[in-house]
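Data block below; observations after.
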Amino acid sequence: MATIVPQAADSLEKLFADAGSAATAPLWTMMQAMVPPSPAPKAVPHLWRWDELRPLLDRAGTLISADQAERRVFMLVNPALRPPYTTDTLFGGMQMILPGETAPAHRHTAFALRFIVEGERGFTAVGGEKVTMERGDVILTPSWEFHDHGHEGSGPMIWLDGLDLPIWQAIPVNFAEPYAEPRYPSKPAEGRSRLKFPWSEIRAKLDGSTSSFYSVEYEQRERRAPISRIVGASAERIAAGTESPRRRETSSAVYHVVEGSGSTTVGEVELQWTRGDTFAVPAWMPYVHRPRGDEAAYLFRYDDRPVLRALGAYRAQLLFPEADLREHAPRAASVELGGLVFLARTIDKAKAKLQGTLGPYKIGPGLSAYLLEWLRIDEDAFTDAVRELREDDAIAAWVRAHSDPSTYPEIGEKLRTRGIRDAAHRADVATRYEWLGDRPDLKNWFEILDIDDALTFAR
Ligand code: 1HN
């Protein structure tokens, strides 16, 4: 006769215990945590004050040498996280080197940028190229290139280090290698360095715009692409008495105040800043900058937009979501609106300009500037109308009311037929549209812009 072994009733509790012993876990108890309904950064908004960091660096300067430290850096640690997290994806640190010191050569898979905060005649040598540093410069250390730092001037040399270290916590295959000697052999670059972006150059671009908010992206010298595959950088100018557009993005950012003072509201938190301060904006929190006083504010920032784009995870909530020209081209030159070619394209660019998403585009000099000039419409007045009216039809009606429609056929004809005039003009234009060198047959702007739009977003 078979014996029946009595089985205690099974339960979820027992199941979970046995599942744990088998090195498994039920997904259904933590589904939300695995795939939350919206981006869920752990970092909090935070500001590091220059007048607090500077004395710490001074003390470190007397207590430890750059050689002993390898890198004399105070990490900017997000209060909700631990090192190396300044945001969930970005590292920021303040580094100091003193005259005559050497921070020895090494290389690592992590990418680094430096924003120079104080001092001059310091240098970073990267992959054999010696790059001098002064306030406001951005200097790149691409992945796996040997780099060391030195200082041939007087007084401390201080900079903000921006690295993608947190990414390498999630993908822990970041590795480093020291160089056999303290210095990697280097000599100054001939001409403009591929690794350096002087502040004067960036500031001139920012000041070249009449927009109350303007943003310029740092791009590789050799091609129109972000400075690295993981980290991007840009500079923003916010005019006195105005505020930046309110944004939120899946990218996080570390901001550094280059000039001016003011405040940034990030989610519920208000951060008060002045020159030299650094602050963290976590992913997906709405933020807006407001300068104080009667000076414009200039902010430098780096973010993780390139890697998010590569992962298909970049999203932004913008004032004009249809005009993110970092992500897609504006409407084609030939698109007609209100009886005018190029107007739709110019609206897209004006919207992008208002929210700092012009990417590789610009309003002038060029056909948009000619269109407005020939219509006898001031660019600022047009931009204001775009901001207020938003919709194509309303903007077209405004344009019609502020110009002479009998001139439209002639303006259209001039725009449609305009092109490259001669060899000198072609050479000048080819500095912006490099691919044109291979297409000597092309003259007409509308055709050139169509091709360039396609090439710009082919990557
Ligand atoms: C590093 O190598 C540098 O090369 C700066 O100056 C900051 C932070 C963490 C790990 C490596 C540099 C760093 C770093």
Side-chain angles (χ1 to χ4, degrees), residues 43 48 53 56-57 60-61 64-78 81-119 121-135 137-152 156-186 193 195-197 227-228 230-231 233 252 254 256 278 280 300 302 304:
W48 292 266
L53 293 178
L56 294 175
L57 287 165
I64 188 164
S65 71
D67 188 43
Q68 282 172 309
E70 184 165 348
R71 295 293 185 267
R72 190 195 281 117
V73 177
F74 279 111
M75 300 189 280
L76 308 182
V77 185
N78 194 282
L81 296 162
R82 55 186 196 283
Y85 297 95
T86 304
T87 73
D88 289 83
T89 51
L90 300 167
F91 167 90
M94 216 39 103
Q95 177 160 184
M96 182 174 80
I97 184 164
L98 295 171
E101 286 189 325
T102 300
H106 68 190
R107 62 179 176 179
H108 35 69
T109 43
F111 163 88
L113 63 79
R114 335 267 164 204
F115 184 92
I116 313 306
V117 178
E118 182 184 316
R121 298 195 53 219
F123 66 87
T124 287
V126 185
E129 188 179 323
K130 185 171 171 181
V131 187
T132 57
M133 311 192 269
E134 61 180 289
R135 183 166 196 275
D137 289 349
V138 167
I139 291 160
L140 309 184
T141 310
S143 178
W144 208 240
E145 295 210 36
F146 277 113
H147 54 283
D148 54 73
H149 313 296
H151 190 3
E152 294 166 339
M157 190 80 221
I158 302 174
W159 62 84
L160 172 66
D161 286 311
L163 283 85
D164 50 14
L165 291 177
I167 299 279
W168 301 105
Q169 297 286 313
I171 309 171
V173 290
N174 177 28
F175 35 91
E177 183 176 75
Y179 187 64
E181 306 290 324
R183 289 208 185 290
Y184 187 78
S186 68
S193 169
L195 301 167
K196 175 162 150 175
F197 301 84
I227 51 171
S228 87
I230 297 178
V231 176
S252 60
V254 174
H256 181 79
T278 306
F300 167 75
Y302 58 97
D304 56 332

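In each ligand, atom 1 is the first atom listed, and ligand 1 is the first ligand listed.
Taking a cut-off of under 4.0 Å to the non-hydrogen atoms of Phe91, the atoms of ligand 1 that pass are 8 (C). Annotation for ligand 1: atoms under 4.0 Å from non-hydrogen atoms of His149 are 4 (O), 6 (O), 12 (C).
In this structure, the protein non-hydrogen atom closest to atom 14 (C) of ligand 1 is Leu163 CD2, 4.0 Å.
Ring centroids of His108 and Trp168 are separated by 6.0 Å or more, keeping the two rings apart.
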| said: Under the criterion side-chain contact (heavy atoms from CB on, under 4.5 Å), I'd like the reasoning laid out for Ile116 against Ile139: C-alpha separation, chi angles, the key distance, then a yes or no. | reply: CA-CA 8 Å; Ile116 313 306; Ile139 291 160; 4.3 Å; yes
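Between the side chain of Ser143 and the backbone N or O of Thr109 there is at least one donor-acceptor pair closer than 3.5 Å. Using a distance-only test at 3.5 Å, with no hydrogens or angles considered, a donor-acceptor pair links the side chain of His147 to the main chain of Glu145. With hydrogens and angles ignored, the 3.5 Å screen pairs no side-chain donor or acceptor of Asp304 with any backbone N or O of Leu90.
Closest to atom 4 (O) of ligand 1 by heavy atom, among Arg71, Met94, His108, Glu70, is Arg71. Distances from atom 5 (C) of ligand 1 to the heavy atoms of Asp161, Leu165, Asn174 put Asp161 nearest.
Phe123 meets the ring-ring contact (aromatic ring centres under 6.0 Å, His included) test with no other residue; sequence neighbours excluded.
Here's the thing with Gln95: one of its N/O atoms is less than 3.5 angstrom from an N/O atom of ligand 1.
Using a 4.0 Å cutoff on heavy atoms, Met75 does not count as a contact of ligand 1.
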